[in-house]
Amino acid sequence: MEEEWIAGKHSVTEALRSGRTINKIWIADTAQKHLTQPIIAEAKKLGIVIQHVDKRKLDQTVPGIQHQGVVAQAAPYAYVEVEDILAAAKAKGEDPFLILLDEIEDPHNLGSILRTADCTGAHGVIVPKRRSAAVTATVSKTSAGAVEYVPVARVSNLGQTIDRLKEEGVWVVGTDVTAKENVFGNGVFTGPVALVIGNENKGMGRLIREKCDVLIKLPMQGQINSLNASVAAGVVMYEVLRSRQVQE
């Protein structure tokens, strides 16, 4: 893939701020000036080509995405290695906080998880190369630009990656509706931790579940006994953040 599309005000703005390589920016003729002026000003400072086009061209370029009249053509998203994420945590003097996604397929869920990962201070997200959403324009838009700040690693084998993390002293915590342990106040989130979120429909695969050091669940009081994957992930990520702040 030689180019990638970034769509929407927040996504394009954060891509510019983070230093992502942007080749060109298209602005719809009908775009609201107050949305596009800061982007145009920043792009001109960086010497990026800006082209004003008919909105229909943008609709065709990023079909189905609310682009707000702003689309950027960027260099392909740069995935990182798991070692890079661990090194970044070490450089900050913090215990690693990683999110492992076991076959999350919906790009909107991946985008939402990346946004919450940024808000809660997670050092990175790990996804499998197969049967998993990749970083796309939809993911970037849903993440409100957080994809530019949260490193994402793609791995061939999530099980082997978990084994490696355990060797590094990382505690692997899986989310499972059948777990006995409650997510709140159980003390498992204060040290180095990797949080595993399962597939939207099937949850975690059997092998991945067996490799977890501990399984936790969210308490449910209503008639429906499960949450959307990105919502559930968000609740648990904030419990990690809360646990660490209390510890400080």
Side-chain angles (χ1 to χ4, degrees), residues 1-81 84-85 88 99 101 104-125 127 129 132-154 200 228-231 233-234:
M1 185 171 64
E2 294 180 0
E3 62 187 29
E4 203 166 279
W5 304 107
I6 302 172
K9 172 181 172 274
H10 289 299
S11 297
V12 174
T13 300
E14 298 306 337
L16 288 166
R17 280 184 186 159
S18 71
R20 179 96 175 260
T21 302
I22 306 283
N23 302 323
K24 194 174 187 179
I25 294 175
W26 282 276
I27 307 282
D29 294 328
T30 54
Q32 296 176 37
K33 291 280 191 292
H34 72 278
L35 288 181
T36 58
Q37 271 318 120
I39 290 171
I40 291 170
E42 188 66 24
K44 281 182 175 172
K45 261 198 292 186
L46 297 168
I48 296 166
V49 175
I50 300 162
Q51 190 174 350
H52 291 268
V53 295
D54 191 295
K55 176 181 174 290
R56 286 172 296 188
K57 177 176 171 60
L58 301 187
D59 293 341
Q60 291 164 1
T61 304
V62 286
I65 298 175
Q66 295 291 324
H67 53 67
Q68 300 168 296
V70 185
V71 173
Q73 182 197 57
Y77 179 77
Y79 291 96
V80 301
E81 300 295 327
D84 298 330
I85 298 174
I99 315 297
L101 305 181
I104 288 288
E105 295 168 334
D106 185 338
H108 294 93
N109 279 335
L110 177 54
S112 295
I113 289 168
L114 284 167
R115 186 173 185 171
T116 311
D118 180 53
C119 291
T120 54
H123 297 106
V125 173
V127 300
K129 286 180 179 173
S132 174
V135 175
T136 61
T138 299
V139 171
S140 176
K141 179 79 171 75
T142 312
S143 79
V147 71
E148 304 299 336
Y149 301 108
V150 181
V152 180
R154 289 180 96 188
E200 291 92 345
N228 166 283
S230 62
V231 174

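Distance CD1/Ile48 to CD1/Ile40: 12.0 Å, rounded to 0.5 Å. Here the CD1 atom belonging to Ile39 is positioned 7.0 Å from the CD1 atom belonging to Ile25, to the nearest 0.5 angstrom. Thr30 contributes atom OG1, which lies 10.0 Å from atom CZ of Arg56 (distance to the nearest 0.5 angstrom). Rounding to the nearest 0.5 Å places OH of Tyr79 at 10.5 Å from NZ of Lys129.
In this structure, Glu4 contributes its side chain and Tyr77 its backbone to a donor-acceptor pair below 3.5 Å. One N or O on the side chain of Gln68 and one on the backbone of Lys9 form a donor-acceptor pair closer than 3.5 Å. Remark: side-chain polar atoms of Asp84 are paired, donor with acceptor, to backbone N or O of Glu81 under 3.5 angstrom. Judged purely by atom type and a 3.5 angstrom limit, Glu42 has no side-chain atom pairing as donor or acceptor with the backbone of Leu16. Judged by distance alone, with hydrogens and angles left aside, the side-chain atoms of Ser11 form a donor-acceptor pair with the main-chain N or O of Ser140 at under 3.5 Å.
Closest approach of Ala75 to Asn23, counting heavy atoms only: N-ND2, 4.1 Å. In terms of heavy atoms, Ala134 sits closest to Leu110 at O-CD2, 3.8 Å. Across all their heavy atoms, Glu200 and Asp106 have their closest contact at OE2-N, 2.9 Å. Smallest separation of non-hydrogen atoms from Ile65 and Ala137: CD1-CB, 3.6 Å. A pairwise comparison of heavy atoms in Ile104 and Ala229 identifies CD1-CB, 3.8 Å as the closest pair. When all heavy atoms are compared, the tightest approach of Ala117 to Val125 is CB-CG2, 4.3 Å.
Of the options Thr142, Thr136, Val135, a side-chain contact (heavy atoms from CB on, under 4.5 Å) to Pro107 is made by Thr136 and by none of the others. Checking Asn228, Leu114, Val231 one by one against Asn109, the side-chain contact (heavy atoms from CB on, under 4.5 Å) holds for a single residue, Asn228.
With contacts defined as side-chain heavy-atom distances shorter than 4.5 Å, the pair Glu148/Arg17 does not qualify. Contact of the Gln60 side chain with the Asp54 side chain is not registered, since no non-hydrogen atoms from C-beta on lie closer than 4.5 Å. Side chains of Val70 and Ile27 form a contact here, defined as non-hydrogen atoms less than 4.5 Å apart.
Around the CZ atom of Arg20, the shell of radius 6.0 Å holds more than 12 heavy atoms that belong to other residues, nucleotides or ligands.
Inspection of the Lys141 and Gln66 side chains reveals no N or O donor paired with an N or O acceptor under 3.5 Å.
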